[in-house]
Protein chains: 2
Amino acid sequence: MASPTTVDVSPRDDGKPATIYDVAKAAGVSHQTVARYLRGYQGIRPATRERVVAALEELDYRPNLTARSLTTGRSHRIGALTHEIDKHGPSNIAQGAAAAARRAGYVLDIFTLDMGDPGSIRDTLDLLRQHDLAGILALTSTDEMSAAIEAARFTVPVYLGGEPDDTATEHSELTGVGFPALVDHLAELGHSSFLHVAGPATWPAARNRTQAYQEALAARGLHSAGIVAGDWTARSGHDAVAALGPHLDASAIVAANDQMALGAMLALRRQGLDVPRDISVTGVDDIPDAAYFAPPLTTLRIDFAAQGRDIVGALLAQIDGRQPERSVTPHSELVVRESTGRARADTPRP
Amino acid sequence: MASPTTVDVSPRDDGKPATIYDVAKAAGVSHQTVARYLRGYQGIRPATRERVVAALEELDYRPNLTARSLTTGRSHRIGALTHEIDKHGPSNIAQGAAAAARRAGYVLDIFTLDMGDPGSIRDTLDLLRQHDLAGILALTSTDEMSAAIEAARFTVPVYLGGEPDDTATEHSELTGVGFPALVDHLAELGHSSFLHVAGPATWPAARNRTQAYQEALAARGLHSAGIVAGDWTARSGHDAVAALGPHLDASAIVAANDQMALGAMLALRRQGLDVPRDISVTGVDDIPDAAYFAPPLTTLRIDFAAQGRDIVGALLAQIDGRQPERSVTPHSELVVRESTGRARADTPRP
DNA sequence: GATCCGATTGTTACCGGTAACATGATGCTG
DNA sequence: CAGCATCATGTTACCGGTAACAATCGGATC
């Protein structure tokens, strides 16, 4: 008879991975004993335990998560609903969320949503329901997405991510810290007339930023020369500013993200204006490239990865029925670079 | 008795979704009849079929994919292994892959890999094995990742994505079309001495690009003034060029991606050099922002989303045991903008 | 050494599908 | 209208875990 710690059974006749039954047979115990060991149950006799451990080792046992979720009724997968995961914000939130989920033993399932095609949206939400997920996460929320999710009436917890919408919550950190600092910075440089290049109005994050901009100005008695809308892309920032042309009547442009700021700067340059000598430009996000724009961009850094973490944390709390920890929405931090400078005494255009 | 097409049963006493058994009971048939209907089996008597359809509708039945995978042994989920999904290439590949997977009825599970921490890698690969996946996809392959996957010996198909490694395959389209076109473009502008800012050598994609650069030059009898390595970031491009300082002896810089080109341009600018008057700069990728850099960047456009699609297509073919369709690796396309110009007759530095 | 009790271990049922086989119903033939 | 092939539907087992309950085992007690 083999020594108790040696269990000589090949991985399995067919190539399939070993189950607890295989392990049980190899160890000469019942499958429940194996299950108990795996569950960390203490009352197993040392000799028995030893055999189980040896069998587990020998067969290279890995639990079958599918079978587990079938019985327990709870999976360890979180559905991440997103579109445009190629964008900086979304992809970084995804990165943070995926990492946080992993730490908690969860996996992120990516469901890309093709906004604009209602049929596709329905299909995707249907798909979400079939994959039994522990929870659902909207990495980036637009109004369409919120509405679609609302309509789907999921039975599992759903968490809409992205920057909090000020209309729904108290002022976010972004509002409370970021824009005021940004506006203060510009005001100190002598600027008093601003143009805001906003994000698409269907994004709560965009509305949030625009509102924060307005409030920060209002609180200081400053003047907004206008708000033009973009769609987050550099192209839209460029075109918005180019369209204004000579009617641009501001000494500083406050874009709602770095890409639009980049586009705006190019448009200004093409109009013969120098940044920051003739006009200052700021962004939001602090994408890695922003520090290397020409000129390097003054911007509000947003910690998207932290946002992703927080969202997952909140969702997991909801899943476990815990009280979600006070969400520590990441502070936004002003990063001053070379795209902002002292306002010109004279107006740039005669 | 209710009309045959009306089945009056509330969704289920508890809040849980209906199963085929619930549907069967409601329709007054066996669960197999329901299963047969769902499978598209034709030999069901119209009257019976009608009752089943009504019950399905009434109970809002959705198949439980978990249960299905447990019995069939095959899931409809693809594990996407990645790190740095926040980067342009990876995130766009992910986007394309997710879309393609969705179309085929699959979902992408994101597993972020924390390279550098061997323990974490092992954990992640373990996790991959537990989630029974139809296949595994490496969205971005570095040598470490390839090695780790190799060592894990998965029982499901694994597909290493990213640009094909020239050492393993015949010359990719990238080699065949992209760099030659780029070099031709520069040569036509009178450039004859080049500096290459390479990506990290542990990435096959980086090696691939560097090799393509070298081959394109060699084929034209042109001179490479040197190769410096970066890590894909703008910072690394900047620092590499800044470190060279006055020793920079090239009339054109060929960076392995747009970010590094951006950084290089800033470094040049800080040395008082004008792009493209004094020196030309090119990138690879054509990230959306590249068209709005100052100056807009001449670059090789890579269709990452298509790469993602192709990778998923190849993986699915492998899963289904089909012969993978001839992978139509996306062509790279030269996009000429303002960062390249005629080489100066005199050397930029006296 | 019989009795009893808790510590260990084993048995059975179930999660929601799929697969294989069994049975009842129908229809055609002679 | 019996006899049998065929169609339609039902039964049972199984996937790999978990949960609840049952049954041993061992040692202490008397």
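Just so we're clear, the structure is a prediction, and the values are computed from it rather than from any experiment. Lettering of chains follows the sequences in order, A, B, ..., and the numbering in each one begins at 1.
Between B/H31 atom NE2 and C/dC21 atom C1' there is a gap of 13 Å when expressed in whole angstrom units. Between the CD1 atom of B/I20 and the P atom of D/dT11 there is a distance of 14 Å, rounded to whole Å. Between the P atom of D/dG17 and the CZ atom of A/R39 lies a distance of 13 Å, rounded to the nearest Å. To the nearest angstrom, C1' of C/dG16 lies 10 Å from CG of A/D132. Atom OH of A/Y37 and atom C1' of D/dT18 are 19 Å apart (whole Å). Regarding B/Q32, its CD atom lies at a distance of 12 Å from the C1' atom of C/dG16, rounded to whole Å. Rounding to whole angstrom units, CZ of residue A/R74 and P of C/dC14 are separated by 23 Å. Computed from coordinates, the B/Y41 OH to D/dG10 P distance equals 12 Å when rounded to whole Å.
Checking C/dT26, D/dG16, D/dA19 against the side-chain heavy atoms of A/L70 singles out D/dG16 as nearest. Taking the side chain of B/T19 as heavy atoms from C-beta on, and the options D/dT9, C/dG16, C/dG10, the nearest nucleotide is C/dG16. Picking from D/dT18, D/dG10, D/dG17 the nucleotide with the shortest atom distance to the side chain of A/T72 gives D/dT18.
With a 6.0 Å cutoff to the six-membered ring centre and a 45° limit on the axis angle, B/R77 does not count as a cation-pi contact of B/Y106.
OP1 or OP2 of D/dT18 has at least one side-chain nitrogen or oxygen of A/R68 nearer than 4.0 Å. At the phosphate of C/dT18, neither OP1 nor OP2 sits under 4.0 Å from any side-chain N or O atom of B/T71. In this structure, B/Y61 reaches the C/dG17 phosphate: one of its side-chain N or O atoms is under 4.0 Å from OP1 or OP2. For the OP1/OP2 pair of C/dT11 and a distance below 4.0 Å, the side-chain nitrogens and oxygens of A/S30 include no atom meeting the criterion. Contact between the side-chain N/O atoms of B/T66 and the OP1/OP2 oxygens of C/dC15 is not found at any separation under 4.0 Å.
Put simply, the side chain of A/T48 never gets that close to the backbone of A/I44: no donor and acceptor are under 3.5 Å apart.
Within the 4.5 Å cutoff, the side chain of B/L139 has no heavy atoms near those of the B/L81 side chain.
Interface remark: the A/R45 side chain does not form any donor-acceptor pair with the D/dG26 base, using a distance-only criterion of under 3.5 Å.
The nearest heavy atom of DNA chain C to B/N64 and to B/R36 marks one nucleotide each, and the one closer to the 5' end goes with B/N64. If B/G28 and A/Y21 are placed on DNA chain D by their nearest nucleotide, the residue sitting closer to the 5' end is B/G28.
Of the N and O atoms on the side chains of A/E144 and A/T142, at least one donor lies less than 3.5 Å from an acceptor on the other residue.
Within a 6.0 Å radius of OH in B/Y37, other residues, nucleotides and ligands contribute 12 heavy atoms or fewer.
Residue-level contact check: A/L65 touches neither bases nor backbone, having no heavy atom under 4.0 Å from any strand.
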